[in-house]
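What follows is a single structure, written as C-alpha cells, with notes after it.
Residue numbers start from 1 in every chain, and the chains themselves are labelled A, B, ... in the order their sequence lines are given, proteins ahead of strands.
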There are 2 protein chains.
Amino acid sequence: MNKPERGPQARNREETRERILAAAERVFAEYGFEGASLSRIAAEANLPKSNIVYYFETKKKLYRLVVENIFNVWREAADAIQPDNDPEQALGDYIDTKLELARQRPYGSKVWANEIIQRAPIVQDYLEGELRSWTDDRIRVMNHWIAEGRIRPINPRNLLYAIWATTQHYADFKHQIQTLNEDKELSEAQWQDTKRAVKDILIQGVALRSE
Amino acid sequence: MNKPERGPQARNREETRERILAAAERVFAEYGFEGASLSRIAAEANLPKSNIVYYFETKKKLYRLVVENIFNVWREAADAIQPDNDPEQALGDYIDTKLELARQRPYGSKVWANEIIQRAPIVQDYLEGELRSWTDDRIRVMNHWIAEGRIRPINPRNLLYAIWATTQHYADFKHQIQTLNEDKELSEAQWQDTKRAVKDILIQGVALRSE
DNA sequence: AAAAACTTTGTCCGCTCGGTCAATAATTTT
DNA sequence: AAAATTATTGACCGAGCGGACAAAGTTTTT
C-alpha cells in the first residue's frame, strides 16, 4: 500500500513523465492541439506511443498539463507587481522576466498562444478562474499606482496586454524574428538590446512626464 | 479561347472562390493548418468537399492564398511610414489602421500567427522575400527619423515588433481579452479606449522628451 | 443544335489518427 | 520465492483525413 517510498521505480516514473511533458510542449507548440499527434510526441520522447497513453491517459489531459505549466510559470513572473513597490522598477522587472521566459521557454508560450487563438477549447475554465482573478489583482495594483499619481493614467488593462503581447511576441514569433535577422538566432547582445528597448518603450509609455 | 468576357459563369466562379477563401480563413484560424480539414471548410462554405479541391487543387495552395491575403492587407496599412511624414502622426495612423484590421479581420491575423508559430512551413519563402524587404524599407525610414532627431533613438526593429505584437494581440488573443471582459466583446467605446491607450503607450515611448 | 469546355457532386482509396487491449517484463510487497 | 503490482510494448480498431476520379449537369463556343 505504501507507495511514496521513492524507490528507483518512482524516480524513473517521474523522469519519464517529465520527458514526455517536455516533448509534448515542443510538439503541441509546433502543430497545435489537433495537428499534434501522439505518435509524434512519442517519437520526440523516444518512447512507444502506448507509453504516453499509459502515463497521461488521453491527449487532452496531457495537453492540459502542458498549458497549466506555462501559466504557472508566468504567474510567478509578476510577483513584483505589488502596491508598495516602485512601479517603474516592478514593471521593468516583470518585462525582464517575461522576456527571459520567452527566450528560455518559447514552446510553452506557443502552446498558450495556440490555445487562445483557437478560443481555448480545452482550458476555458482556467481563463475564467485563475487567469481572471490573477489579472484583476494586478489591475487593482496598477490602479492604485495611478491613484497615487505614480504612473500616468493609462488603462491598466491595455498596459498589461501591451506587456504580454510584446514579451510573448519574442517567443511566439521567434521564427519570424529570426528570419528577419538573416536567419540567425538573436545573439546575447541582441537580447540585451531587446530587453532595453522593450522596457524603454513601455516604461517611458507609463512614466510621468515630469521625471 | 476568349474567357474574360465575364458572363454569369465567370461572376459566379469568383463569388464561389471568395466564399471558400472566407470560410478557409475562419477554419484555418481556429484549427491551424493541420487541424483544419477540407470537409470542415466545405461545411463552413456550404459546398461539397470536392468543390473546394476543384477550385484550389490542394489544401496547401488554398492556405497559401489565405496567408498572402492577410499579408497584403497589412502591407498597405503601413503606407504612411514615409521619410517626409511626421513620425508620430505616421506611426499613430499605422497603429490605428492595424488595430482596425485586428478588429475587422481577426481570422487572417490568427492564420498568420499560427503559420509563424509553426515556423512558417508553407510560406517561408514569403518571409525571406517580401516580408524581409518590406521590413527593411520601414526600418530605413525610422532610422532616417532618428538621424534627423525626430524620434528617440530606439532600435526601429524592436519598435516595429512592439507595434506588430500589440496590435495583432487584439486579434490573436481576442478570446482571452473577451474572457477578461466578462465574456463580452469589446464595445465601440472600449475599442476607442484601446486605440487611444495603445497609441499613448507606444507613441510616448518614441516621442522626444523635450516635447 | 452539336460539340466543347467548365462546374458540381458522390464515391472511393490508402493512410494516419487517438485510443484499447492483452502479452510480457520488471519491480515491490508479502 | 511466490504473489501482486506497476511499467513497457506491439497489434489492432473504427473514424476521419486529403485527394483522385468519373459521371452528370450547365454554360459557352462552334
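- A salt bridge links A:Asp136 to A:Arg157: one of the charged nitrogens lies within less than 4.0 Å of a carboxylate oxygen.
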Footprint string (nucleotides 9-15 of chain D, 5' to 3'): B base within contact, S backbone only, - free, heavy atoms under 4.0 Å: BB-----
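- Note: NZ (B:Lys61) to P (D:dG19) measures 10 Å, nearest angstrom.
- Residues B:Asp183 and A:Arg132 are paired through a salt bridge, judged by an N-O separation under 4.0 Å between the basic side chain and the carboxylate.
- Straight-line distance from the CG atom of A:Leu62 to the P atom of C:dG19: 10 Å, rounded to whole Å.
- Distances shorter than 4.0 Å separate some side-chain N or O of B:Ser39 from OP1 or OP2 on D:dC17.
- Checking the phosphate oxygens (OP1, OP2) of D:dT6, no side-chain nitrogen or oxygen of A:Arg13 falls inside 4.0 Å.
- A salt bridge links A:Glu25 with A:Arg105: at least one charged nitrogen is closer than 4.0 Å to a carboxylate oxygen.
- Comparing the axis of the opening five pairs of the helix from C:dA1-D:dT30 to C:dT30-D:dA1 with that of the closing five pairs yields an angle of 10°, rounded to 10°.
- Sparse packing is recorded around CZ of A:Arg119, with 12 or fewer heavy atoms of other residues, nucleotides or ligands lying under 6.0 Å away.
- The shortest distance between the side-chain N/O atoms of B:Ser37 and the OP1/OP2 oxygens of D:dC17 is below 4.0 Å.
- Remark: C1' of D:dG19 and CD1 of B:Ile41 are 13 Å apart, rounded to the nearest angstrom.
- Summarising the geometry, the separation between CZ on A:Arg40 and P on C:dT16 is reported as 11 Å, rounded to the nearest angstrom.
- Between B:Tyr161 and A:His169, the ring planes are tilted. Angles from 30° to 60° get that label.
- Here C:dA25 presents its C1' atom at 14 Å from CG of A:Asn12, a figure rounded to the nearest Å.
- Note on ring orientation: taking the six-membered ring where Trp is involved, the planes of A:Trp191 and A:Tyr170 are tilted (angle from 30° to 60°).
- Not one side-chain nitrogen or oxygen of B:Thr58 sits closer than 4.0 Å to the OP1 or OP2 atom of D:dG18.
- Note on A:Arg103 versus A:Glu188: salt bridge recorded, some NZ/NE/NH1/NH2 to OD/OE distance being below 4.0 Å.
- Summarising the geometry, the separation between CD on A:Glu34 and C1' on D:dG18 is reported as 15 Å, rounded to the nearest angstrom.
- The nearest whole Å value for the distance from the OH atom in A:Tyr31 to the P atom in C:dT16 is 14 Å.
- Each of B:Tyr55 and A:Phe33 lies near DNA chain C, and the nucleotide nearest B:Tyr55 is the one positioned closer to the 5' end.
- The interatomic distance linking B:Leu38 (CG) with D:dG19 (P) rounds to 6 Å, in whole Å.
- Nucleic acid contact class of B:Ala36 (heavy atoms, under 4.0 Å, all strands): sugar-phosphate only.
- Between A:Glu34 and B:Arg40 there is a salt bridge, since a side-chain N of the basic residue sits under 4.0 Å from a carboxylate O of the acidic one.
- Ring geometry, B:Phe33 versus B:Tyr63: the interplanar angle exceeds 60°, so the pair is classed perpendicular (tilted spans 30 to 60°).
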